[in-house]
Amino acid sequence: MKNLATYNNVFKESFAIDEQKLVGLKYQDIPEWDSVGHMGLMSSLEEAFNIEMEIDDIIDFSSYEKGKEILAKYNLTFNE
Amino acid sequence: MNNDKMEGQSFGIPEIKAFQQNRYPLLFLDRVENVIPGKFARGIKCFSYNEWFFPAHFEDDPSVPGFIQVEALVQTFLMTFLTIDGFKGEKAMGLTWEKVKFKRTIVPGECLTIEYHLTSIKRGIAKGYSTSFVGEEPACSAEFMVVIPSVMQKFNPK
């Protein structure tokens with residue numbers, strides 16, 4: 001639960017978006033999640049979870065849901 | 001020139017223009033000293049009354065606009081990482097400006113000395129912090145995140 005709250009907060013702070021709009025959110029769905037926003041999001045997630053993501057994972061991180069799958073590789077679980 | 005050979009060097013306008021793409025009337029550095037690629041740069045900008053903005057800011061009491069002070073900080077920041085091998089001449093864009101503080105007014109005839117420390121550069125995103133001085137008096141300070149789009153784009157989802 002704590003990881004999910006942290007994950008959601010990073011999205012909310014990175015894109016100034018309400019939590020109810022996170023489910024289903026994809027790369028470039030909103031103006032804030034553009035190429036620059038993507039790198040800011042990756043940087044903030046790494047800082048929040050104290051991890052260093054691999055290049056392929058950063059490229060594959062194409063949606064809110066996909067991001068959870070990717071972060072599971074870093075031993076992060078997101079129990080709702 | 002590799003990074004080791006460049007460490008501690010000083011650059012004037014021709015070299016600054018080779019490393020970064022800012023140009024008159026938006027180039028706000030005269031000289032950069034003690035460049036340590038990937039770590040540090042000291043920028044110097046002297047403001048004479050001939051600067052284009054003084055007649056407008058303000059006619060009866062000229063001073064350097066805050067955004068120009070911040071831009072001088074950013075341009076010093078650029079010199080900490082565009083001097084790294086492979087980044088010379090790349091375009092860079094601001095991502096965040098944080099903790100911007102203005103501690104004194106800068107007037108015609110004064111020189112701003114900026115000390116910029118790069119804390120990280122990763123996947124085309126550079127982070128760092130700065131302080132600046134007029135003489136020994138603290139002037140503006142800030143923390144920036146700047147991106148190099150050509151590097152960053154390699155990491156974007158397809």
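Below, chain A is the first sequence line, B the second, and so on; all start at residue 1. Side chains included, hydrogens not; waters and symmetry mates left out as well; all remaining heavy atoms used.
B/Val100 and B/Phe133 are not part of a single hydrophobic cluster, where members link through side-chain heavy atoms under 4.5 Å apart. When the side chains of ILVMFWY residues are joined at heavy-atom separations under 4.5 Å, either directly or via intervening members, B/Trp52 and B/Val107 end up in two distinct hydrophobic clusters. Residues B/Ile84 and B/Met93 share a hydrophobic cluster, clusters being chains of Ile/Leu/Val/Met/Phe/Trp/Tyr side chains in contact below 4.5 Å.
A parallel orientation is assigned to the rings of B/Phe144 and B/Tyr116, their planes being inclined by less than 30° (bins at 30° and 60°).
With a 4.5 Å cut-off on non-hydrogen atoms, B/Lys127 touches chain A through its side chain but not through its backbone.
Put simply, CH2 on A/Trp33 and NE2 on A/His38 are 7.0 Å apart, with the number rounded to the nearest 0.5 Å.
Annotation: B/Lys91, atom NZ; neighbour count of heavy atoms from other residues, nucleotides and ligands within 6.0 Å does not exceed 12.
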Working for side chain to side chain contact (heavy atoms under 4.5 Å, CB included), residues B/Asn22 and B/Leu78: CA-CA 10 Å; B/Asn22 290 295; B/Leu78 299 184; 3.5 Å; yes
Side chain to side chain contact (heavy atoms under 4.5 Å, CB included) evaluation trace for B/Val146 with B/Phe81: CA-CA 10 Å; B/Val146 169; B/Phe81 59 88; 3.8 Å; yes
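Using a 4.0 Å cut-off between charged side-chain N and carboxylate O, A/Glu65 and A/Lys68 make no salt bridge.
Identified by a heavy-atom distance below 4.5 Å to chain B, the contributing residues of residues 8-29 of chain A are A/Tyr27, in residue-number order. Applying a 4.5 Å heavy-atom cutoff, the residues of residues 43-57 of chain A that approach chain B are A/Ser43, A/Glu46, A/Glu47, A/Glu52, A/Met53, A/Ile55.
Looking at B/Glu51, B/Glu110, B/Glu71 one by one, the single match for salt bridge (charged side-chain N to carboxylate O under 4.0 Å, His left out) with B/Lys45 turns out to be B/Glu51.
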